[in-house]
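The structure appears right after this line, and notes come after that.
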Amino acid sequence: MTTSNTLPRLRPTQAMQYFIAPHVISMDDSGYLYVPTNCRPNSNKCKLHVVFHGCYQGLSFINTTFVEHAGFNQIAETNDIVLIYPQVYPTMLNPRGCFDWWGYTSPAYASNIGLQMIGVKQMIDRAAKLHYNPNDSPGERRTMHYTEAKVTS
């Protein structure tokens, strides 16, 4: 069973925090990262998947229930897939806490210059720089290090 102790929070870059007003785009300043046991340096090349929660499924509505119990982590563990769970929260323009699929952030919401997509891309870039402490044991909570980011749990 996966707990929030095995899902460290992955923070976007400081540049995003200054470039984009989080309250305007509903983007939380962090998301969650699931890294399977076999995804260690020199052991396997792992795939990466971004999991977008639905409306009413973010932290502010159901805490980490979606991240921990939607079933993606078990599939990722079996198939060596690193998962990123970005998070959005409700705002006046987005009271249901949905990712932007209709244009509340900008007309470019579904493109690579969409404001939420810029933040997700920054999370992907950070996850790609991930490496592990070689003293960690497989299956235990692993220490995560980033070249640019601090991970908190």
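When reading the values below, keep in mind they use all heavy atoms of this one structure, side chains included, and skip hydrogens, waters and symmetry mates.
Contact of the Asn73 side chain with the Tyr85 side chain is registered, since non-hydrogen atoms from C-beta on lie closer than 4.5 Å. Using a 4.5 Å cut-off on side-chain heavy atoms (C-beta onward), Val82 and Pro36 make contact. In this structure, Thr64 and Tyr32 have side chains that are in contact, with non-hydrogen atoms separated by less than 4.5 Å. Side-chain contact between Gln116 and Tyr109: absent, with no pair of heavy atoms (C-beta onward) separated by less than 4.5 Å. A heavy-atom distance below 4.5 Å is found between the side chains of Ile84 and Ile124.
Separation of atoms CG (Asp100) and CE (Met117) is listed at 8.0 Å; rounding is to 0.5 Å. Taking CG from Asn79 and NZ from Lys47, the interatomic distance works out to 6.5 Å, rounded to the nearest 0.5 Å. Expressed to the nearest 0.5 Å, how far CD of Glu68 lies from CG of Asn63 amounts to 7.5 Å. Interatomic distance, CD of Glu77 versus CG of Leu83, reported as 10.0 Å (0.5 Å rounding).
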Taking only distance into account, with no hydrogens and no angle test, what donor-acceptor pairs under 3.5 Å do side-chain atoms of residues 48-59 form with protein atoms, sequence neighbours excluded?
unit_1, atom_1, unit_2, atom_2, d
His53, NE2, Val88, N, 3.2
Tyr56, OH, Arg96, NE, 3.4
Gln57, OE1, Gly54, N, 2.6

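With sequence neighbours left out, the side-chain contact (heavy atoms from CB on, under 4.5 Å) criterion links Pro95 to no other residue. Checked against side-chain contact (heavy atoms from CB on, under 4.5 Å), Ser106 has the following partners two or more places apart in sequence or in another chain: Ala108. With sequence neighbours left out, Thr78 forms a side-chain contact (heavy atoms from CB on, under 4.5 Å) with no residue at all. For Asn94, the side chain to side chain donor-acceptor pair (under 3.5 Å) partners at least two apart in sequence or on another chain are Ser26, Tyr104. Contacts of Lys121 classified as side chain to side chain donor-acceptor pair (under 3.5 Å), with partners at least two apart in sequence or in another chain: Asp125. Contacts of Ala70 classified as side-chain contact (heavy atoms from CB on, under 4.5 Å), with partners at least two apart in sequence or in another chain: Phe66, Phe72.
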